[in-house]
Q: 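One structure, as structure tokens, below. Some questions next.
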Amino acid sequence: MKKEELELIRKNTVDFIGADELYSRAQEGKPLRIKYGADPSAPDLHLGHYVPISKLKQFQDMGHTIVFIIGDFTASIGDPTGRSKVRKALSHEQIKENAKTYFEQVGKVLDLEKTEIRYNSEWSTVLSMNELLKMMAHFTLSQILERDDFTKRFSSQTPIFLHEFMYPLMQAYDSVAIKADLELGGSDQLFNFLLARELQIFYGQKPQSVLTMPLLVGTDGVDKMSKSLGNYVGLTEDSVQMFGKMMSIPDDLIIPYHQLVLQTNDSDLGEIKVNMQQGQNPMEFKLDLATKITEKFHSTEKAMIAREHFITVHRKKEMPDDIPEVSLDSPEPVKIYEFITDHNMAPSKSEAKRIIAGGGVTINGHKVSDPFTEVTFSKGDIVKVGKRKFLRIN
RNA sequence: GGACAGGUACCCAAGUGGUCAACGGGAGCAGACUGUAAAUCUGUUGACAGUGUCUUCGGAGGUUCGAAUCCUUCCCUGUCCA
């Protein structure tokens, strides 16, 4: 490893503990073992996952070994990280299935041929009670409780179950089992990673170095990107959808997304900042960002189409070209609210009525505000529900 | 084992016999506006029915003309004592 490489690695990270040790260890010439733990409960990877995975890619390109750990054992416990509530445990079939989809997505970034994939049940299930107790004897309750999410839960008087205390320990033991030289992940994992260092020392290993990445804030601009909060942009998401979601981020997220997802270089980044400060419309930069991100995960063409679509529909408020079509069943008049629910443009009839009454439905551009209006559709009619749902009668 | 507090809609949280499909906030959805699906403001947010019916306040029973609210019992959580 060269000095420049170390600097490249350090870029856009939060913590890099044991950087010097890692550097000297790399000088021995053997590929480093880089640990990355994956939670198989969420097979939909999003841009937030992409941040650490792209860092892994850097290591892989330098010739180091990525050890990808599927936490099948720990998933059956439930990781309390960042959770205010207990996680549901998963069945084995679910985990298997999830892991499969997981790697289909990771494979787009990493070279899986060169990646070592391990399941932590391999060593965790055979761990004896004896051994476990020995490990437990090295940590105190307050050490574990120190962890931010436990502290929060504890002080807000929400339940913390005993098995949850074991989670950081099990995860730390993974590092021992695979003899990790470095562990990489989101900054919320720092505590677990540091615990692993102590455990490795206990087992007579050199402690792993720790590298944490910033957490990408989700499209709501408040919380970290997560599937359960619904503020995520999926890696495999449809290009139009992806583009649209990118446009919905608050303006001050433009820079972080550039840094973390596109890894835009400093001079370009500086230029964007300056231009925005000088009053250039952030919307232009967001369009650019959305285009580049869509391009990255799809293709240039698809990104351009998505961009056009967005501009026509949202900026010019015109019809998009590709409207879903439905054939006219009968020439009989139908009640508008029933029509909307029948064609899945509203989740329930009550909801359809609310949207109509609120002025959210138009037929050929004319607002229909009485839900009980009887409409006789003819070929070419266009029904619009809300901002994004269109239907053409054929 | 004992004492006490609590479990309400997607989340937080008010409500202690009728006026409760349930205050308020968040989130969602829609409208207006705009520079974008940003921000702000307004409306709306159980289901079905052309306006009344059904389901909902941890579960199951009960009292009552009537229950989220009272009683019994069970389940769950927190705090303190042991």
Side-chain angles (χ1 to χ4, degrees), chain A residues 82-86 145 150-162 164 217-233 237-257 275-294 306-318 320 333-342 344-362 365-375 383-390:
Chain A
R83 295 279 163 151
S84 49
K85 286 182 183 164
V86 197
L145 206 53
F150 282 142
T151 312
K152 273 185 196 141
R153 276 212 256 165
F154 193 73
S155 56
S156 69
Q157 305 187 343
T158 36
I160 303 172
F161 293 90
L162 281 181
E164 297 184 79
V217 177
T219 52
D220 58 356
V222 182
D223 291 303
K224 76 161 183 171
M225 187 174 282
S226 101
K227 196 185 171 190
S228 51
L229 290 174
N231 61 356
Y232 73 106
V233 182
E237 211 150 346
D238 167 79
S239 54
V240 170
Q241 190 83 2
M242 182 181 267
F243 195 97
K245 280 191 180 180
M246 282 313 304
M247 288 307 286
S248 78
I249 63 168
D251 295 345
D252 51 8
L253 249 45
I254 295 174
I255 298 292
Y257 272 69
N275 284 332
M276 278 204 289
Q277 270 161 11
Q278 286 174 347
Q280 241 192 72
N281 193 341
M283 191 263 290
E284 296 299 330
F285 294 102
K286 216 194 288 189
L287 275 175
D288 181 57
L289 174 75
T291 312
K292 283 187 174 139
I293 287 181
T294 313
R307 186 193 176 106
E308 281 314 305
H309 177 95
F310 185 86
I311 292 174
T312 16
V313 178
H314 300 290
R315 197 125 64 112
K316 299 184 188 158
K317 307 230 170 181
E318 287 167 7
V334 282
K335 290 195 180 94
I336 184 67
Y337 79 90
E338 283 177 348
F339 178 85
I340 286 169
T341 25
D342 287 347
N344 298 320
M345 296 173 91
S348 71
K349 289 182 182 172
S350 302
E351 179 69 13
K353 287 180 190 171
R354 276 193 291 271
I355 299 172
I356 297 163
V361 174
T362 59
H366 299 290
K367 203 168 270 189
V368 183
S369 47
D370 177 10
F372 299 104
T373 308
E374 304 243 348
V375 185
V383 185
K384 184 185 177 202
V385 178
K387 292 181 182 121
R388 281 165 271 174
K389 288 178 198 147
F390 294 91

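Per chain, numbering begins at 1; letters A, B, ... match sequence-line order.
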Q: Return the minimal non-hydrogen interatomic distance between A:Ile356 and A:Val368, and the atom names on each side.
A: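 Looking at all heavy atoms of both residues, the closest pair is CG2-O, 3.3 Å.
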Q: Using every non-hydrogen atom in the two residues, find where A:Tyr232 and A:Thr219 come nearest and quote the distance to one decimal.
A: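 Here A:Tyr232 and A:Thr219 meet closest at N-OG1, 4.3 Å.
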Q: B:C11 and B:C75: how far apart are their C1' atoms, nearest whole angstrom?
A: 23 Å
Q: When both hydrogen-bonding distances must be under 3.5 Å and the geometry is Watson-Crick or G-U wobble, what is B:U34 paired with, if anything?
A: none
Q: Tell which nucleotide pairs with B:A60, taking only Watson-Crick or G-U wobble pairs whose two distances are both under 3.5 angstrom.
A: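 Matched B:A60 with B:U72 under the 3.5 Å cut-off.
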Q: For B:C29, give the paired nucleotide (Watson-Crick: N1-N3 plus N6-O4 or O6-N4; G-U: N1-O2 and O6-N3; both under 3.5 Å), or none.
A: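 The answer is B:G43, by the H-bond criterion.
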Q: Provide the distance between the two P atoms, one in B:C54 and one in B:G6, to the nearest whole Å.
A: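 Going atom to atom, P in each nucleotide, I get 33 Å.
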Q: Mind checking the P distance from B:U16 to B:G61? Whole angstroms is fine.
A: 26 Å
Q: Assign a letter to each nucleotide of nucleotides 45-52 of chain B from its 5' end: B, base within under 4.0 Å of a protein heavy atom; S, sugar-phosphate only; -, no contact.
A: S-SBBB--
Q: side-chain contact (heavy atoms from CB on, under 4.5 Å) between A:Val313 and A:Arg388: does it pass, once the steps are laid out?
A: CA-CA 8 Å; A:Val313 178; A:Arg388 281 165 271 174; 5.5 Å; no
Q: Measure across A:Met225 and A:Tyr257 and return the closest heavy-atom pair with its distance rounded to 0.1 Å.
A: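 So the minimum-distance heavy-atom pair works out to CE-OH, 3.2 Å.
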Q: Write down the atom of A:Gly218, the atom of A:Leu253, and the distance for their closest heavy-atom approach.
A: O-CD2, 3.4 Å
Q: Taking a pair as Watson-Crick or G-U wobble with both distances under 3.5 Å, which nucleotide is matched to B:G1?
A: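 B:G1 is paired with B:C81.
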Q: Expressed in whole Å, how much space separates the C1' atoms belonging to B:U55 and B:C20?
A: 14 Å
Q: Taking all non-hydrogen atoms of both residues, which atom of A:Ile254 and which atom of A:Ile249 are closest, and how far apart?
A: N-CD1, 4.3 Å
Q: Is a side-chain N or O of A:Lys384 found less than 3.5 angstrom from the main chain of A:Thr362, in a donor-acceptor match?
A: no
Q: Please work out which of the three classes, parallel, tilted or perpendicular, describes the rings of A:Phe372 and A:Tyr337, given edges at 30° and 60°.
A: perpendicular
Q: Could you check which nucleotide pairs with B:U51 in any of the strands shown, counting Watson-Crick or G-U wobble with both distances under 3.5 Å?
A: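 The answer is none; no pair meets the criterion.
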Q: Once you apply the 3.5 Å cut-off to both distances, tell me the Watson-Crick or G-U wobble partner of B:A67, or none.
A: none
Q: Report the distance from atom CG of A:Asn231 to atom P of B:C11, rounded to the nearest whole Å.
A: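 Spelled out: CG on A:Asn231 to P on B:C11 is 17 Å.
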Q: Please give the distance between the C1' atoms of B:C23 and B:C57 as a whole number of Å.
A: 15 Å
Q: For a quick test of your reading: what N or O donor-acceptor pairs under 3.5 Å do the side chains of residues 344-351 of chain A make, sequence neighbours left out?
A:
from     : atom 1 : to       : atom 2 : distance (Å)
A:Ser348 : OG     : A:Glu351 : N      : 3.1
A:Glu351 : OE1    : A:Arg354 : NE     : 3.3
A:Glu351 : OE1    : A:Arg354 : NH2    : 2.8

Q: I'd like the C1' distance from B:A67 over to B:U56, given in whole Å.
A: 13 Å
Q: For the C1' atoms, the ones on B:A60 and on B:G24, what distance do you get once it is rounded to whole angstrom?
A: 32 Å
Q: Could you encode protein contacts along nucleotides 33-39 of chain B as a string, one character per nucleotide from 5' to 3', using B for base contact, S for sugar-phosphate-only contact and - for no contact, with a heavy-atom cut-off of under 4.0 Å?
A: -BBBBS-
Q: What are the two closest non-hydrogen atoms of A:Pro250 and A:Lys286, and how far apart are they?
A: C-NZ, 4.2 Å
Q: What integer number of Å spans the C1' atoms of B:U44 and B:A21?
A: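 These two C1' atoms come out 14 Å apart once rounded.
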Q: Who is the Watson-Crick or G-U wobble partner of B:G17, with both distances under 3.5 Å?
A: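 B:G17 is unpaired by these criteria.
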